[in-house]
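The block underneath contains the structure these notes are about, expressed in structure tokens.
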Amino acid sequence: MDYDELKMYVDTITLDDLVNEEIINSNSHETQFLIDLYELVRISLIAEINEFSKYHEDSEVIYAVQLQFSQVILTFKSTLLLSSYGYYTNSMINLRSLFETFFNIRYILLGESKKERNRRSKEFTQNKRPRKADGSLLSIYDKVLASPYLLDQAYYNAFYSSLSQYTHANYIGVAQQGDIDGIRTFPSSNKIDLVLSILSGVFYDLIEFLSKHLDFKNTFNELSKINKPEKFFFFQVHINEEIRKLKRKESI
């Protein structure tokens, strides 16, 4: 590595640190909210779900949820890390993965009977590709439509579809790296507030869903005490608007 290459490498690291400082300073409330959510999960929710798994009759179901939720935590942390250093498109790719795990957890727990919940869990833990009655593969959208709640479809419509553009490297995703001077490979604070808003929304809603559905009273009570930043409500506004659209469509 010659001097110019070394200097460019050092400059890139320095830029990462500068971008990180700018993002943390301009999103201090959102960052603190995400840290508070993570601490609640680490201290309370993980302990409750591990204890719950010891005596719950649907042990296969809870085991599947535990595995999925462990991935949620890792994806949450890596998304927060990437976004805090200005890697917007990579953060969006991670968010899509987070939503998929979110849908999978709800798909398992919202099965209409114990038999159905166990069947869905075993498909996951035995690494079987879930299939529909006609033998075709079950997609994430099929799992969304299987939910008895419009909330899942609202999540899908509001965020998941657009996030897929980043994962599949479609134009809308990769075009973020271009500007008037050519391609850009350096991090930036642009649009990171959007990532933090979506990340806080889906992580909060998953914690709330698990604590309500599995009756984790301590986690639910502590969750209600966490102060929500203003940007958190961006996520909720979009979800509520999608639910209203779906209800209007149903009424036609």
Side-chain angles (χ1 to χ4, degrees), residues 12-49 65-106 155 158-160 162-167 173 176-177 184-211 219 222-239:
T12 301
I13 295 174
T14 304
L15 180 60
D16 281 3
D17 290 337
L18 291 173
V19 169
N20 174 251
E21 184 178 356
E22 179 186 348
I23 289 170
I24 296 299
N25 289 338
S26 60
N27 295 280
S28 57
H29 296 300
E30 290 72 26
T31 304
Q32 185 59 55
F33 178 59
L34 289 164
I35 292 171
D36 289 343
L37 290 178
Y38 173 71
E39 285 300 298
L40 175 63
V41 167
R42 187 181 66 84
I43 295 170
S44 180
L45 181 54
I46 291 176
E48 286 196 282
I49 198 169
V65 171
Q66 282 177 301
L67 291 177
Q68 294 269 7
F69 191 66
S70 67
Q71 184 60 41
V72 166
I73 296 170
L74 294 174
T75 306
F76 167 83
K77 291 173 70 177
S78 61
T79 306
L80 181 56
L81 184 63
L82 284 167
S83 60
S84 69
Y85 278 90
Y87 292 93
Y88 169 73
T89 53
N90 303 81
S91 301
M92 296 295 268
I93 291 169
N94 262 24
L95 281 174
R96 180 182 184 267
S97 179
L98 188 62
F99 270 96
E100 284 202 4
T101 319
F102 176 85
F103 290 138
N104 283 335
I105 289 173
R106 286 178 63 88
Y155 285 134
F159 297 108
Y160 183 82
S162 58
L163 290 172
S164 296
Q165 303 285 337
Y166 294 87
T167 302
Q176 308 293 328
Q177 306 305 325
R184 174 173 45 81
T185 59
F186 297 111
S188 168
S189 60
N190 291 339
K191 301 184 181 180
I192 293 301
D193 56 342
L194 173 62
V195 176
L196 297 178
S197 177
I198 299 173
L199 180 62
S200 63
V202 68
F203 196 53
Y204 180 95
D205 282 358
L206 183 53
I207 296 169
E208 184 180 56
F209 169 69
L210 286 173
S211 58
T219 299
E222 292 301 316
L223 182 64
S224 65
K225 298 176 185 177
I226 297 177
N227 292 323
K228 303 177 185 67
E230 183 178 343
K231 291 178 184 176
F232 166 79
F233 297 101
F234 163 83
F235 182 89
Q236 301 299 333
V237 166
H238 273 63
I239 291 300

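These values consider heavy atoms only, across backbone and side chains, with no hydrogens, waters or symmetry-generated copies.
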Return all side-chain donor-acceptor pairs below 3.5 angstrom for residues 226-235, not counting sequence neighbours, or 'none' if the list is empty.
residue	atom	partner	partner atom	Å
Lys228	NZ	Tyr204	OH	3.4
Lys231	NZ	Asn27	OD1	3.0

Closest non-hydrogen atom pair between [X] and [Y], with its separation:
X      : Y      : answer
Val195 : Ser91  : CG1-CB, 3.7 Å
Ser188 : Ile192 : O-CG1, 3.7 Å
Val72  : Thr101 : CG2-CG2, 3.5 Å
Ser197 : Ser200 : O-OG, 2.9 Å

Listed partners of Ser211 passing side-chain contact (heavy atoms from CB on, under 4.5 Å), at least two apart: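 Partners of Ser211 under the side-chain contact (heavy atoms from CB on, under 4.5 Å) test: Phe216, Thr219, Phe220.
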I'd like to check [X] versus [Y] (side-chain heavy atoms, cut-off strictly below 4.5 Å). Are they in contact?
X     : Y     : answer
Tyr38 : Lys77 : yes
Phe69 : Val41 : yes
Ile49 : Gln66 : yes

To the nearest 0.5 angstrom, please state how far the [atom1] atom of [X] sits from the [atom2] atom of [Y].
X      : Y      : atom1 : atom2 : value
Tyr85  : Glu21  : OH    : CD    : 10.5 Å
Leu81  : Phe76  : CG    : CZ    : 11.5 Å
Arg42  : Leu40  : CZ    : CG    : 10.5 Å
Ile23  : Ser28  : CD1   : OG    : 13.0 Å
Ile73  : Ser78  : CD1   : OG    : 12.0 Å
Asp205 : Ile239 : CG    : CD1   : 7.5 Å

Met92 vs Leu194, side chain to side chain contact (heavy atoms under 4.5 Å, CB included): CA-CA, chis, key distance, verdict: CA-CA 9 Å; Met92 296 295 268; Leu194 173 62; 4.3 Å; yes
Derivation and outcome, side chain to side chain contact (heavy atoms under 4.5 Å, CB included), residues Asn90 and Asn94: CA-CA 6 Å; Asn90 303 81; Asn94 262 24; over 6 Å; no
According to side-chain hydrogen bond (donor to acceptor under 3.5 Å, both in side chains), who are the partners of Ser189, at least two apart in sequence or on a separate chain?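 Counting only residues at least two positions away or on another chain, Ser189 forms a side-chain hydrogen bond (donor to acceptor under 3.5 Å, both in side chains) with Glu22.
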Begin with the C-alpha distance, continue with both residues' side-chain angles, and end with the deciding distance and a verdict on side chain to side chain contact (heavy atoms under 4.5 Å, CB included) for Leu80 and Leu196. CA-CA 8 Å; Leu80 181 56; Leu196 297 178; 4.1 Å; yes
If we ignore angles and hydrogens, is there a donor and acceptor under 3.5 Å between the side chains of Gln32 and Asp36?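 Yes.
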Aromatic plane relationship, Phe103 with Tyr160 - under 30° parallel, 30 to 60° tilted, over 60° perpendicular: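 Taking Phe103 first and then Tyr160, their aromatic rings stand perpendicular (interplane angle over 60°).
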Would Phe99 and Val202 count as a side chain to side chain contact (heavy atoms under 4.5 Å, CB included) here? Give the steps. CA-CA 7 Å; Phe99 270 96; Val202 68; 3.9 Å; yes
